[in-house]
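Data first, discussion second: the structure below is written as structure tokens.
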Amino acid sequence: MEIHRLEKIWIAVSLVFIVGLVASIVYGVAGMGVGTVGDTGQQLDPNALEETRFADPGGHWASDDHYVVTVVARQFLFQPGSQEPVMVPANTTVTLYVTSPDVVHGFDVVGTHLNAMVIPGQVTKLTTEFDEPKSYGIVCHEYCGAGHQSMAGQLVVVPADELPRNESGAAGNTSGANATSESATASADASPAVAPPEVSA
Amino acid sequence: MTYVDDFPGEARVVRTAFAVAFASIGLGGALGVLQALFRTGYSRSLFSAVDYYSVLTAHGVLMALVFTTFFIVGLFAWGVTRSLDTGFRDLRFTWGWLALMTLGTLLAFVSILGGIVGFIPTHAAVLYTFYAPLEASPTFYLGLALLVVGSWGAGVDYVLTLRDWRADNPDERIPLQTFMAVSTMLLWFVCTLGVAVEVVVFLLPWSLGLIPRVDPLLTRTLFWYFGHAVVYFWLLPAYFVWYTIFPKLSGGRLFSDPLARVVFVLFLVLSTPVGVHHQYGDPGLSQGLKFVQMTSTYFILLPSLLTAFTVVASMEHGARQRGGEGRFGWLRALPWENPSFSGIALAGLAFAASGFGGMVNAGLNVNALVHNTMWVPGHFHLTVGTAVALTFMAITYWLLPQLTGKRLRLRTLAAVQPYLWFVGMVFMSNAMHRIGLAGVPRRTSEPQYEQVIFNTPIASIGELHLQTVGGAFLLFASLLCFLAVVGSTWLGERGAKPLAVNGHIPSALSGPEHSPRVLDDFRVWVALTVLLLLIAYGPPLAAMVQNGLFAPGSAPIPA
Amino acid sequence: MSDRRYSRRRFLRDASAVAATLGASTGLSAAASDPYGGWFTGDARGAATENYDGTTVDKTGQDAVTVQVGAQGNGGSYAYAPPAVKISPGTEVTFEWVSNTHDIQVESAPSGASWEGVDTIENEGYTHSHTFETAGVYKYYCTPHLSLGMKGAIVVGGSGGGGGGSTSPEWGEWFTDSARGGAVGNYDGSTVDKTGQDAVTVQVGADGNGGSYAYAPPAVKISPGTEVTFEWVSNTHDIQVESKPTGSSWSGVSSIENEGYTHSHTFETSGTYTYYCTPHLSMGMKGGIFVTGTSAAGGGGGGGGVLPDLNWWNVAWIAGPSVVAIPSILAYLLWDYHRAGAFDGLLGRGEAGPPPETPEAPPATPERELGHDEYDPWGTATLLAVYFVIISVAWALMYFVEFLGNGPHIFG
């Protein structure tokens with residue numbers, strides 16, 4: 001097949017460019033650990049959240065340097081988030097687990113790169129770290145029904161020592177004990193502070 | 001002889017398809033202005049924040065599904081019959097599929113309208129992506145299904161006509177326009193399979209109460225199997241115009257026919273196995289899967305980059321044949337006063353700009369910067385809203401006279417229209433991209449929250465909102481110009497004067513005889529497509545279905 | 001949302017409300033019949049409360065009052081039922097959750113009141129009780145469903161019944177024992193809305209008031225021109241008209257009649273009609289018919305839907321130019337066709353022959369022909385090189401600086 005010389009050069013440049021793009025992404029993922037939402041492998045019945053870790057949404061210390069928050073996104077608020085802010089410690093590994101009992105929602109911490117979808121039956125896991133105390137807004141950015149435009153919340157980063165560490169009962173801003181319900185599933189996230197990148201070669 | 005004289009029956013089919021398309025973009029465009037006014041807060045008195053979602057659904061369906069599909073089947077019907085120099089086998093079949101498409105459109109539209117108007121007992125405020133568990137009336141799903149199935153009929157028509165022609169011309173290469181139409185429709189068959197299964201097997205029975213629950217992740221994944229490839233279903237007809245007609249409008253010849261074929265084959269093969277890049281933020285899909293589909297998504301940049309070279313080279317050829325000289329000076333020799341030319345040139349420019357946005361969207365991790373923010377509508381208003389829509393409007397000025405036998409009227413208005421559209425879109429899309437970077441969400445009627453502050457680096461949100469609305473009004477004005485030209489021409493007198501255009505398309509500089517014959521063997525490419533799909537979508541769909549076809553399942557939540 | 005169940009009768013009710021508002025009254029009537037200052041409309045926080053029909057349920061004198069939280073309404077289970085209720089001081093109100101995820105945020109309360117609502121989101125089965133002592137108006141709402149109109153109000157009356165303004169603008173004290181006869185036990189404070197219906201039936205002698213001594217429904221609202229049929233379902237009742245608007249010719253049924261008897265009347269004149277049954281007046285057998293058409297509370301509380309929200313000035317600046325522009329454009333087009341001869345012989349055009357063939361323009365001949373071997377697209381190559389540089393720089397800036405350089409990120 002006959003291709004003009006100049007076009008051949010352009011094809012070569014294009015291929016190099018594309019490979020360069022892929023390489024930048026690989027650098028970001030493998031080199032800096034910046035990924036995206038993955039598959040936790042956990043599924044649950046959206047109508048029976050009270051039997052899961054989401055029975056009592058809120059934050060607690062999973063280990064000395066790992067803080068875990070469970071958030072329920074529903075029509076039309078975040079629990080916690082909307083009525084009371086999600087409180088997380090600074091300079092600590094934070095994992096957010098989010099699910100929904102009703103429809104597809106979005107979970108976007110404005111001003112950060114924490115941006116994910118929340119799908120009934122699935123668990124969204126976001127692991128991150130905040131450098132300094134600050135306040136952020138949370139918006140639901142996926143249309144979820146008639147009250148979608150009012151679905152928002154706050155996430156407040158505070159110094160780590162402001163979030164009490166309890167062994168049982170209320171901790172941080174939770175509205176009840178959830179340490180016991182964590183036990184079955186806590187082992188998976190308690191050990192590694194940061195989950196290794198799940199990138200396939 | 002004009003097309004309408006040679007193929008009167010087919011010309012009527014094309015005119016009808018175009019008429020539905022133009023009515024659709026007219027109404028959809030008006031709704032778009034109302035949306036812009038509402039979101040920005042300029043005027044919220046015509047409907048409520050809740051009705052906004054029905055308006056948005058109507059806008060999305062009319063613009064992205066109805067306007068596009070109807071124009072495309074009409075455009076390709078013209079292209080196939082003209083390039084093969086033969087009519088369709090049975091016009092009754094042709095009218096049948098067009099009628100089915102129209103019926104589906106009406107059903108879907110009335111279903112959406114029921115959300116705002118009380119005496120119609122339907123509701124469909126589910127947006128054009130209709131994610132479960134949000135549920136629309138069964139008539140909405142049925143309407144969309146009929147629209148898609150009707151469009152399959154168009155593909156059948158083109159394929160069968162080609163098959164007959166090949167029987168009569170066994171040694172010849174497929175004419176380029178037919179090659180492009182058929183490869184696009186093959187792509188359409190492959191990708192609509194996903195949404196057809198989603199709607200017919202899951203959502204429609206679910207909304208009728210026949211099945212109690214559907215798995216939101218599965219249905220969503222099936223949608224995006226379709227949802228990315230559909231943008232190529234829109235783009236490839238624009239490329240069809242850019243490759244086969246634009247060179248002649250520039251005064252030249254297509255630079256390379258073989259490369260055009262390669263580009264279309266690449267799109268056929270690569271368009272569908274990349275859908276997961278719309279689901280980077282979804283739980284339940286592994287990072288590995290997302291990584292693989294990210295790589296394929298970046299590779300689909302290649303055929304567009306190839307197109308850039310071939311099309312601009314063809315344009316330059318025309319300019320130089322018109323006497324243009326110099327490294328850049330040839331640009332001035334082009335017929336910028338011809339709206340068919342200028343519309344396509346500006347559409348191409350907009351597309352080049354949108355490529356950057358596409359690169360960001362495709363990035364596995366950087367996508368989190370922009371996912372579901374206003375950046376996304378900014379991007380697709382440049383791509384489908386300009387590259388595709390403006391191309392379609394521009395080529396209408398060239399085609400309509402040939403389809404009707406009536407000379408184009410209100411020529412000055414037509415000449416201005418593409419520029420008006422381009423400027424309006426630059427303002428609106430630019431503003432959307434910027435507020436999106438600040439985190440302002442899309443798909444919401446009132447993006448003003450007590451608890452959330454959006455920080456825009458340069459220019460305040462208020463200024464950007466003004467730009468959005470200003471751009472929207474310019475776009476609507478341009479749309480009105482287009483409709484005025486079309487309406488005026490359509491109502492003129494046939495045969496009164498000779499046309500100012502002609503359907504003659506010169507041969508390519510590098511013809512199909514310079515390309516391998518295997519390019520014309522669609523069986524090979526379809527097989528390759530299916531193979532790639534099995535690799536890309538097989539494992540995740542199998543994993544989802546393993547837990548149960550309807551598990552974890554959700555009951556319908558009406559919207 | 002609720003607009004998908006936006007029924008014709010609501011349309012007519014809202015249309016009459018708009019007509020009323022634009023017509024005779026200057027909005028004074030709206031204020032007089034809305035003791036909540038617009039709380040239930042879309043002008044206050046949140047959307048209009050669809051399940052508020054303009055009336056306040058009168059529960060004065062009752063020891064215990066229940067308000068359902070998350071009852072059906074406002075397009076889902078997003079309603080307080082009843083939304084507006086009047087109670088006596090010292091009444092304990094129990095809020096019962098009948099669906100999930102609601103709270104009670106107190107928007108305003110009289111000074112000195114101690115009620116704090118329910119600050120946490122609770123689910124079905126939860127209850128909250130409070131004894132309201134301080135007189136005045138308490139307004140409250142549900143946080144996640146405020147935007148859908150989930151609002152409520154409690155009016156704690158002054159001393160005694162009927163002390164302050166009447167809570168039933170149409171009926172006054174008619175259904176209480178302050179008027180003639182006993183209190184009407186089967187009147188729950190709400191007026192059944194039958195506007196828009198062609199035919200309405202009221203049962204005479206239905207069960208109620210300690211026997212078969214009730215008109216059912218006791219209070220009904222109809223459109224002018226509606227025929228109401230009164231059907232006797234038990235023995236020995238009549239219909240004595242207590243009051244009616246001037247100009248009305250209705251005279252009820254002055255003879256005692258038995259089961260099976262029917263009486264029909266087409267109510268034309270707008271206004272309030274009250275009536276009673278002679279032998280059972282002391283038991284509380286009273287009724288009322290309100291015929292819409294005058295300025296009244298009926299439309300005051302409504303909101304949502306298509307028409308009532310119209311801000312006419314906003315519509316005018318869109319509609320105005322359109323109304324001018326569209327006929328102008330049409331006129332220009334018509335003149336253009338006429339000039340082009342499109343209308344010539346229009347009426348006289350009979351069966352024409354086959355349509356005339358239209359010649360095309362001749363193919364353009366290029367000024368300079370460039371063949372395959374004579375053309376090298378250097379201009380294209382340069383333009384694309386520039387494009388390549390631009391997008392590479394833009395990518396580097398966006399990805400490495402804007403994205404990777406800022407956090408926090410999702411680690412994975």
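First the proteins, then the strands, lettered A, B, ... as listed; each starts at 1. Remember, it's a predicted structure, so these values are computed and weren't measured experimentally.
Looking at B:Ala125, there are no atoms closer than 4.5 Å to chain C (heavy atoms on both sides), in backbone or side chain. Contact annotation for C:Asp376: only backbone heavy atoms (N, CA, C, O) come within less than 4.5 Å of a heavy atom of chain B. With a 4.5 Å cut-off on non-hydrogen atoms, B:Arg494 touches chain C through its backbone and its side chain both. The contact between B:Gln402 and chain C is made entirely by side chain atoms (from C-beta outward), counting heavy-atom distances below 4.5 Å. Neither the backbone nor the side chain of B:Lys248 comes within contact range of chain C; no heavy atom of the residue lies under 4.5 Å from a heavy atom of that chain. Only the side chain of B:Phe328 comes within less than 4.5 Å of a heavy atom in chain C; its backbone stays farther off. Using a 4.5 Å cut-off between heavy atoms, B:Leu437 touches chain C through its side chain atoms alone.
Between B:Gly503 and C:Glu360, the shortest heavy-atom contact is N-OE2, 3.1 Å. The minimum heavy-atom distance between C:Pro363 and B:Asn502, with the atom names listed, is CA-ND2, 3.5 Å. B:Ala352 approaches C:Tyr387 most closely through the heavy-atom pair O-OH, 2.8 Å. Nearest heavy atom pair, residue C:Pro377 against residue B:Phe255, reads CG-CZ, 3.7 Å. Among all heavy-atom pairs drawn from C:Met398 and B:Val360, the shortest one is CG-CG2, 3.8 Å. Closest heavy-atom contact between B:Asp5 and C:Thr358: OD2-N, 3.1 Å.
Crowding of B:Arg12 atom CZ: a count of heavy atoms from other residues, nucleotides or ligands under 6.0 Å not exceeding 12. Enclosure of atom CD in C:Glu369 is not indicated, since only 12 or fewer non-hydrogen atoms of other residues, nucleotides or ligands lie within 6.0 angstrom.
Side-chain atoms of B:Glu316 and C:Tyr375, non-hydrogen and from C-beta on, do get closer than 4.5 Å to each other. Taking 4.5 Å as the limit, every side-chain heavy atom of B:Asn365 sits out of range of all side-chain heavy atoms of C:His409. Using a 4.5 Å heavy-atom cutoff, the side chains of B:Thr2 and C:Glu357 are not in contact. Between C:Trp395 and B:Val366, some side-chain heavy-atom pair lies under the 4.5 Å cut-off.
Within the model, atoms NE2 of B:His317 and CG of C:Leu370 stand 4.5 Å from one another, a figure rounded to the nearest 0.5 Å. Residue B:Leu301 holds its CG atom at 7.0 Å from CD1 of C:Ile391, rounded to the nearest 0.5 Å. The CG atom of C:Leu383 sits 6.0 Å away from atom CG of B:Leu331, with the distance rounded to the nearest 0.5 Å. Taking OG from B:Ser256 and NE2 from C:His372, the interatomic distance works out to 8.0 Å, rounded to the nearest 0.5 Å.
The greatest number of non-hydrogen atom pairs below 4.5 Å with chain C, out of B:Ser54, B:Ala313, B:Gly405, is found for B:Ala313.
The existence of a salt bridge linking C:Arg368 and B:Glu325 is confirmed by a sub-4.0 Å separation between a basic side-chain nitrogen and an acidic carboxylate oxygen.
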